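Each remark here refers to the structure printed beneath this line.
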Amino acid sequence: MAEAAINFFKADLRSLQFTLYEHFQIQRLFEYDYYSHMSREECDAVIDQCYRFCNEVLGPLNQIGDRVGCRFENGQVKTPEGFREAWKKLYELGLPNFPVPMAIGGFQGPVSVHVILQEMLSGANVAFNMYPGLTHGALELIAEFALEREKKLFLEPMMNGRFSGTMCLSEPHAGSDVGALTTKAVRIEGNRYKIQGTKCWISAGDHDLTENIVHMVLARVEGAPPGTKGLSLFIVPKIRVNDDGSLGEPNDVVTASIEHKLGINASATAVLNFGENDRCEGYL
Ligand SMILES: Cc1cc2nc3c(=O)[nH]c(=O)nc-3n(C[C@H](O)[C@H](O)[C@H](O)COP(=O)(O)OP(=O)(O)OC[C@H]3O[C@@H](n4cnc5c(N)ncnc54)[C@H](O)[C@@H]3O)c2cc1C
């Protein structure tokens, strides 16, 4: 018999509002130009919408998702049933883009409210929220540091949920000691590099929620000094993206396996091989 989806998530909205408006008095932010388009009513409406999404969609998927977990089939990770619909709904609501600057299409809302939204989303279903969480982190990096071409290719699809993101730091022999990593980058031309190496424990490293996955990969450029000083960060899409934004050929990023963990089983923690066939391209 199919297991019934039960929501165990509850939040004390009054207590969240006390923290935001009485303790931190975030309404004072609305006096600044950057937040002048926001109001308490608007923030409360977004919090209510997020709470509804947590109760109706994410909460009921939590227990079943953890029990079923992700599956690794034919070299591809499959998330539990219901995750794809939840992802679509989350990006239709636009909740992940609440703090993103309006200049790149976000709502430009206060980060303190974003923290409350994250608290609720993770409280309802932390395994699910790892996917948009990692995407948001990668998006912020690209918005802040990438060149114009990469911003044009990756930001919009990462904001509308077509692409997701990751952070690829850890390697089998380099966890806390991140400066020991050996993934290497060899320059092709301009900011294009060939990437080669293995990353492990990569949250959201592979899944079936999006058309593409944009990996943020730490690697050492040939000839760079040892330790953390010699590391650079590259944008490495799972599938290459053409200049018109359409998807191109696979980028030689192969999922080797996923971990079997004690919890957050619906969050894929992957081992990824970059450039096994010397055809993996990254952008500095
Ligand atoms: C569920 C999960 C998801 C993850 N997701 C990602 C991800 O998305 N991307 C990514 O890049 N990585 C990810 N990681 C990897 C994570 O970042 C590493 O596990 C972490 O950096 C620790 O590395 P390690 O596991 O190799 O442990 P180690 O570095 O071997 O540490 C083992 C123990 O030794 C201690 N230790 C280490 N060095 C010292 C020292 N110098 N002095 C004293 N004590 C020390 C540590 O505190 C720890 O208790 C994930 C891990 C998990 C479990």
Side-chain angles (χ1 to χ4, degrees), residues 58 61-63 65-72 76-80 83 87 96 118 121-142 144-145 154 158 163-185 193 195-210 212-221 224 226-238 251 253-276 280 282-284:
L58 284 197
L61 284 177
N62 188 38
Q63 199 179 40
D66 215 39
R67 217 164 266 172
V68 175
C70 286
R71 288 168 292 133
F72 185 51
Q76 156 83 51
V77 174
K78 310 262 190 230
T79 55
F83 271 46
W87 175 274
Q118 289 308 308
L121 294 165
S122 288
N125 193 331
V126 70
F128 176 89
N129 202 37
M130 305 261 307
Y131 298 94
L134 267 299
T135 303
H136 182 74
L139 184 150
E140 282 197 324
L141 273 173
I142 293 175
E144 191 68 31
F145 298 107
F154 297 110
M158 289 174 84
F163 295 1
S164 64
T166 70
M167 56 169 196
C168 297
L169 295 65
S170 305
E171 296 182 6
H173 57 284
S176 309
D177 188 8
V178 72
L181 67 79
T182 57
T183 294
K184 66 174 185 183
Y193 285 75
I195 306 292
Q196 206 161 46
T198 296
K199 296 287 178 180
C200 64
W201 303 103
I202 305 307
S203 300
D206 193 25
H207 56 78
D208 57 359
L209 303 174
T210 56
N212 203 359
I213 304 176
V214 185
H215 301 290
M216 301 288 117
V217 179
L218 268 188
R220 196 179 309 280
V221 175
T228 48
K229 203 175 167 189
L231 299 182
S232 301
L233 190 63
F234 295 85
I235 300 169
V236 184
K238 177 180 177 182
N251 194 25
V253 181
V254 173
T255 308
S257 61
I258 55 171
E259 305 298 335
H260 298 281
K261 310 191 294 299
L262 287 173
I264 53 168
N265 294 319
S267 164
T269 312
V271 176
L272 299 178
N273 290 330
F274 293 89
E276 271 185 335
C280 179
Y283 315 107
L284 188 63

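Note that ligands are numbered from 1 as they come in the structure, with each ligand's atoms numbered from 1 the same way. Model, not experiment: these values are computed from the prediction.
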Is_contact(atom 23 (O) of ligand 1), protein non-hydrogen, under 4.0 Å: yes

For atom 52 (C) of ligand 1, the protein heavy atom that lies nearest, with its residue and separation: Trp201 CE3, 3.8 Å

How close does the nearest protein non-hydrogen atom get to atom 2 (C) of ligand 1, and which residue and atom is it? Thr269 CG2, 4.2 Å

Classify the ring geometry of Trp87 against His207: parallel below 30°, tilted from 30° to 60°, perpendicular beyond 60°. tilted

Looking at atom 50 (C) of ligand 1, tell me if a protein heavy atom falls under 4.0 Å from it. yes

State which residue, out of Thr166, Thr79, Thr255, fulfils the side chain to side chain donor-acceptor pair (under 3.5 Å) condition with Asp206. Thr255

No-hydrogen, no-angle side-chain donor-acceptor test under 3.5 Å, Asn129 and Gln118: yes

Evaluate the 4.0 Å heavy atom contact test for atom 41 (N) of ligand 1: does a protein atom fall under the cut-off? no

Right, does atom 8 (O) of ligand 1 have protein non-hydrogen atoms nearer than 4.0 Å? yes

Under 4.0 Å from atom 13 (C) of ligand 1, do we find at least one protein heavy atom? yes

Could you tell me the residue and atom name of the protein heavy atom closest to atom 35 (C) of ligand 1, and the distance to it rounded to 0.1 Å? Ser176 OG, 4.9 Å

If we only count N/O pairs under 3.5 Å, is Cys200 in contact with ligand 1? no

Restricting to non-hydrogen atoms, name the atom on Leu233 and the atom on Met216 that form the minimum distance, rounded to 0.1 Å. CD1-C, 3.9 Å

Any nitrogen or oxygen of Leu169 lying under 3.5 Å from a nitrogen or oxygen in ligand 1? Just yes or no. yes

Please walk me through it: do Tyr193 and Phe234 pass ring pair (Phe, Tyr, Trp, His ring centres under 6.0 Å)? CA-CA 8 Å; Tyr193 285 75; Phe234 295 85; 5.1 Å; yes

Students should be able to answer this: which protein heavy-atom is nearest to atom 3 (C) of ligand 1, and at what distance? Ser203 OG, 3.3 Å

Protein non-hydrogen atoms only, distance under 4.0 Å: does atom 45 (C) of ligand 1 have such a neighbour? no

Minimum-distance protein heavy atom relative to atom 21 (O) of ligand 1: Gly175 C, 3.4 Å

For atom 10 (C) of ligand 1, closest protein heavy-atom neighbour: Ser170 OG, 3.4 Å

Donor-acceptor under 3.5 Å (Thr183 side chain, Ala219 main chain): no

Would a 4.0 Å cut-off, counted as strictly less than, catch a protein heavy atom around atom 29 (O) of ligand 1? yes

